[in-house]
Structures are given as structure tokens and as C-alpha cells.
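Treat the numbers as computed from the prediction; the structure is a model and nothing was measured.
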Amino acid sequence: MKDDELKRLAESMAAFGSFADEIESGFSFETGDITGFCLSADMIGCTEKELARGTGRIIRFGPMGGGPLMQHTHSYNHLVTVVSGEIAVRFEDGEKILAEDESVVIEGSKAHSLWNTGETEAKAVDVYIG
């Protein structure tokens, strides 16, 4: 990563603390409360909730859910942290499996998609970092 990307990542992680209240007010990972969640527009079998000021989202992946079907690129990178379950980050040249409490920075310019690898629900926080 370049210095400016590391700086944006550090800023995003510092800002993540401010999301705690929003996450807790809109979703309980323990009880499965989905207040404020809606169906994901580009993913199959998923619901999501946008974080403050469009800085990321919380994603609930149904069994084997994910997407988008066509791998995509965009102008920003993002940090995906798995809260429960197991998520596959799929790229054109392979995939990276993330288990609970694992994270990865995804370069927006590299085609990718996210998929639940299991038969039970998986949950992740996706923070946009530049």
C-alpha cells in the first residue's frame, strides 16, 4: 500500500469508532435485529445497512449469498471485516477466504465480489477507504 492509502485506512479505522453507536442502534449481531436494513441492490440473498455519511455498510449474507454476479470495480478501496461466518472475496485470478474477525483491504480497481461460503448466515462490515 502507498503512504496515502495507509493514511486513508488509518483515518477510516479511527472513524470506525464513531460508527459504533450507529451499528448498535440499527443492528444487533447477537439477536439478529435488522432495524434499518434493506435488500442489497446488487447482491443475492443479502441485506445491508449504510453507515454514516456513505462511508461503508454492514452486510448480512444469507446462506451461499453474495455478489454481485458479475465481478465489479470502482474508484475506491474498502476494508471488509467478517463479524461472523466465513466470506470468500473472489477475484478473477482466485479467492481469499476470511473467517470471523479477519479483514482484508480490497483494491477497488481489481475486479471482485463477496460470497458467503457457508450454509448459515454470515455478517461483515465494509468500510470505504478511498
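In this structure, the separation between CZ on R90 and NE2 on H112 is 13.5 Å, given to the nearest 0.5 Å. Atom-to-atom distance recorded for L69:CG and M43:CE is 10.0 Å, nearest 0.5 angstrom. Atoms CD and CD1, on E102 and I97 in that order, are 10.0 Å from each other to the nearest 0.5 Å. Atom-to-atom distance recorded for E48:CD and E50:CD is 5.5 Å, nearest 0.5 angstrom. In this structure, the separation between CG on L114 and CD1 on I106 is 5.0 Å, given to the nearest 0.5 Å.
Scanning for ring pair (Phe, Tyr, Trp, His ring centres under 6.0 Å) contacts around Y76 gives H74, H78, Y128, with sequence neighbours left out.
Nearest heavy-atom pair, A124 versus F61, reported as atom, atom and distance to 0.1 Å: CB-CE1, 4.0 Å. Of all non-hydrogen atoms in V80 and L98, the two that sit nearest each other are O-CD1, 4.2 Å. Closest heavy-atom contact between G108 and N77: N-OD1, 2.8 Å. In terms of heavy atoms, K110 sits closest to T73 at C-CG2, 3.9 Å. Here the closest heavy-atom approach between residue G65 and residue C46 is recorded as C-SG, 4.1 Å. The shortest heavy-atom contact between K96 and V104 is CD-CG2, 3.9 Å.
Residues V127 and T55 are not in side-chain contact: their nearest non-hydrogen atoms beyond the backbone lie 4.5 Å or more apart. Contact annotation: the side chain of D126 approaches that of R57 to within less than 4.5 Å [non-hydrogen atoms, C-beta and beyond].
Evaluation of the ring pair (Phe, Tyr, Trp, His ring centres under 6.0 Å) test over residues 87-108, restricted to residues two or more places apart or in two chains, returns none.
The cluster map of Ile, Leu, Val, Met, Phe, Trp and Tyr, joined by side-chain heavy atoms under 4.5 Å apart, puts V82 and V89 in the same cluster. In the hydrophobic cluster analysis, where Ile, Leu, Val, Met, Phe, Trp and Tyr join through side-chain heavy atoms closer than 4.5 angstrom, V105 is grouped together with V125.
Within the 3.5 Å criterion, the main-chain N or O of E92 finds a donor-acceptor partner in the side chain of Q71. A donor-acceptor pair under 3.5 Å links the side-chain atoms of N116 to the main chain of G62, judged by distance alone.
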